[in-house]
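Bear in mind the structure is a predicted one, so any value in this text is a computation, not a measurement. Below, read A as the first sequence line, B as the second, and so on, with proteins coming before strands; counting in each chain starts at 1.
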Amino acid sequence: MTVRTRFAPSPTGYLHIGGVRTALFNWLFARQRGGQFILRIDDTDVARNVDEALEPILSGLKWLGIDWDEGPGVGGPHAPYFQSQRADRHRAAVDTLLASGHAYRDFATTAELDEERKAAQAAGKPFLYSRAFAAFTEADVARFTAEGRQSVVRLKMPRESALVIDDAVRGRVEFAWEREQDHVIQRADGSCLYHLASVVDDHDLEITHVIRAEEHLSNTPRQAFIALSLGYELPAYAHLPLVAEPGSRTKLSKRKLAQYLKNPDFKQVAEHGTRIAERIGLTADAETFNPVIVDFYREVGYLPWAIDNYLALLGWSYDDKTEFFSRDELVSHFTLERINSSPASFDPKKLWAVQDHYMHGLSVDEKLAFMLPFLVKAKLVADPVPPEAAATVRRVIEASGDRLKVGGDILAYADFFLVDEPALDDAAVKQRLAKPGVRDLVAKYAAALQTVDPFEPAPLEESLKRVVEEAGVKVGDLVHAIRVAVTGKTVGPGLYDCLAILGRNRSLARIEKALPLCG
RNA sequence: GGCCCUGUCGUCUAGGGGCCUAGGACACUGGCCUUUCACGCCGGUAACACGGGUUCGAAUCCCGUCAGGGUCACCA
């Protein structure tokens, strides 16, 4: 049997980090088993702007390398892959259920239902609909209709015995049927509800394994009932542990951003990203740009595989040591059996560390290709990129080493090479330049710089050390001052690299300009 | 509240009766390296929720308690 899994997002306008984890696990399992991964859009009820709301989801998945065998953009033998376009299949299923007595038309009003619910609550009993307004015969229908009532279709759930499922993650789970409500599957206007649609679509698309988040575990009985009543074979279920808030076990949600920002790690990652976004002219609205949403990472310059690798470890592990996997390794190692069953909280710092690891592995040329677009977006280099600019950036990347953690970091490390007059950080000036004796020292090194040849790191270091020695001060005293004079900041690549990249003339010009600020 | 799920360092996890004085990673932290920052290297702090069983032996099995979470829509 060919394994077929699916990810069925609804077009909400953004791709949630928890959703990606679910998509990834479905994808990994399908790939591992040589099966198919299907993308279906559950757009029931979201009528407007589907295209617009879908785009971030599709592009996000593509960016992460989660490719689908059937679905939007690629089509497939079971088209359409939009739930809203399969409404006739859903209605047909409802009719079948009605005909077989597994569902009934219900004419109760909301008020009447509420009353029953309240009564049950008052009596301290779990609510179970009395079916007082259920129409089981044509006569019932005629009578209720005559009263001016409208009907919905409800499931006629069993009221004895139990459903047992063998969940791939949780093992045996049992649900007493009598605890299940007679859920509505079709509205008065004839449109169908999610659970019905989902079960019918999964069957039509020949989905063999339903891998989804734990929040759906309690929905399983009603879905199983629909499937069984329709004569379908039940898919295998795997309910993944929830992706929880940082440092908590509560489900991660986009809505509670303000709260997450109180977490120092989360805040740090969010602010770092926002800084980059601002420089590339992105409107960093927290609603659409934050560490819970995948686009955040793409814009800031994370590597897609770093996200995948990190997310794979959220609820799954291979052994007691291995943390980094190539794409092929992950695919071949992935099994449902090794999925954990307890919630896993999202740790942006750990993601950061994984990102650091993969960035580390990139060659200078790969980094250059990856980072140049950020400089273009920030208008620090022209488009198309002039060869000299690319050469400069290449040297900056080389000199920056492991300091560049995400693509957008190039902005902070390359800007002072690319602008004519870098802004001088006030605090840096105060700390490193405005001290007594600095001016004299800096002037001496400037003089030495006139004759350093070649103007490369090693000779530059030699001459600086000579100046320092003659003056009888510490190396740091001069280095820090020159760094601020030349770059405007206290942090950056090695100073001698900075000077060499800048060249003699620009270095001297900047030092001269900074001289009046020295103490 | 009913039903269901879950409980190992702050976090992700390994472990599934003796290999556990509980291992790895992130974070934190001490030190080294060093012109800043980062990297790297060496070290440290830190966990089996609790209580009963079963057993020669329990983090591992059973029961209970407690705690956390999910879900209970004419949302998906």
*Asks:* Distance check needed: B:C26 P versus A:Asn309 CG, whole Å only.
*Replies:* 13 Å
*Asks:* With the threshold set at under 4.0 Å for non-hydrogen atoms, list the residues of residues 119-129 of chain A touching RNA chain B in residue-number order.
*Replies:*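 The stretch gives none, as no residue of it lies under 4.0 Å from the strand.
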*Asks:* Using a 4.0 Å heavy-atom cut-off, does A:Glu174 contact any base of the nucleic acid, only the sugar-phosphate backbone, or nothing at all?
*Replies:*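 Sugar-phosphate: the residue A:Glu174, judged by heavy atoms under 4.0 Å, touches backbone atoms but no base.
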*Asks:* Side chain of A:Ala353 only, please: which of B:A73, B:C26, B:U6 is the nearest?
*Replies:*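 Of all the options, the side chain of A:Ala353 is nearest to B:C26.
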*Asks:* So for A:Lys350 and B:A25, does any side-chain atom that can act as donor or acceptor lie under 3.5 Å from a complementary atom in the base?
*Replies:*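 Yes, a donor-acceptor pair under 3.5 Å.
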*Asks:* Starting from the 5' end of RNA chain B, give me the residue, A:Val184 or A:Arg170, whose nearest nucleotide shows up first.
*Replies:*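 By nearest-heavy-atom nucleotide position, the 5'-most residue is A:Arg170.
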*Asks:* What string of B, S and - do you get for nucleotides 36-48 of chain B, 5' to 3', if B is base contact, S is sugar-phosphate-only contact and - is no contact with any protein heavy atom under 4.0 Å?
*Replies:* BBSS---------
*Asks:* Quick check on B:A14: is either OP1 or OP2 less than 4.0 Å from any side-chain nitrogen or oxygen of A:Ser317?
*Replies:* yes
*Asks:* Within the pair A:Thr220 and B:C4, is there a side-chain N or O less than 4.0 Å away from OP1 or OP2?
*Replies:*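 For B:C4, OP1/OP2 do not have a side-chain N/O of A:Thr220 under 4.0 Å.
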*Asks:* Kindly confirm or rule out a cation-pi arrangement of A:Arg117 over A:Phe127, judged by NZ or CZ under 6.0 Å from the six-membered ring centre and within 45° of its axis?
*Replies:* yes
*Asks:* When all nucleic acid strands are considered with a 4.0 Å heavy-atom cut-off, which category describes A:His216: base, sugar-phosphate, or nothing?
*Replies:*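 Base contact.
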*Asks:* Would the A:Trp316 and A:Phe25 ring centres measure less than 6.0 Å apart?
*Replies:*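 Ring centres of A:Phe25 and A:Trp316 not closer than 6.0 Å.
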*Asks:* Would you say A:Arg249 reaches B:G10's phosphate, i.e. side-chain N/O to OP1/OP2 under 4.0 Å?
*Replies:*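 For A:Arg249, the contact criterion (side-chain N or O under 4.0 Å from OP1 or OP2 of B:G10) is not met.
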*Asks:* Compute both the distance and the angle, then confirm whether A:Lys267 meets the cation-pi test with A:Tyr260: under 6.0 Å from the six-membered ring centre, within 45 degrees of the axis.
*Replies:* no
*Asks:* Counting only distance, no hydrogens or angles, is the base of B:A76 paired donor-acceptor with the side chain of A:His195 under 3.5 Å?
*Replies:* yes
*Asks:* Nearest heavy atom decides the nucleotide; on that basis, is A:Lys349 or A:Pro241 closer to the 5' end of RNA chain B?
*Replies:*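 The answer here is A:Pro241.
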*Asks:* Reckon A:Arg222 has a side-chain N or O less than 4.0 Å from the OP1 or OP2 of B:A73?
*Replies:*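 No.
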*Asks:* Aromatic contact between A:Phe144 and A:Phe107, with the criterion being ring centroids under 6.0 Å apart: yes or no?
*Replies:* yes
*Asks:* Nearest whole angstrom, please: distance from the P of B:U13 to the CZ of A:Arg21.
*Replies:* 9 Å
*Asks:* Can you find a side-chain donor-acceptor pair between A:Ser10 and A:Thr12 that sits under 3.5 Å?
*Replies:* no
*Asks:* Using a 4.5 Å cut-off on heavy atoms from C-beta on, say whether the side chain of A:Arg212 contacts that of A:Tyr237.
*Replies:* yes
*Asks:* Here's a test for you: under salt bridge (charged side-chain N to carboxylate O under 4.0 Å, His left out), which of A:Arg105, A:Arg131, A:Arg222, A:Arg154 qualifies with A:Asp182?
*Replies:*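 When A:Arg105, A:Arg131, A:Arg222, A:Arg154 are each tested with A:Asp182, the salt bridge (charged side-chain N to carboxylate O under 4.0 Å, His left out) holds only for A:Arg131.
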*Asks:* Describe the nucleic acid contact of A:Asn340 in one word from base, sugar-phosphate, nothing, applying a heavy-atom distance below 4.0 Å.
*Replies:* sugar-phosphate
*Asks:* Indicate, with a heavy-atom threshold strictly under 4.0 Å, whether A:Val354 touches base, sugar-phosphate, or nothing.
*Replies:*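 Nothing: the residue A:Val354, judged by heavy atoms under 4.0 Å, touches no strand.
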*Asks:* Can you tell me if A:Arg172 touches the phosphate of B:C5, counting only side-chain N or O atoms and a distance under 4.0 Å to OP1 or OP2?
*Replies:* no
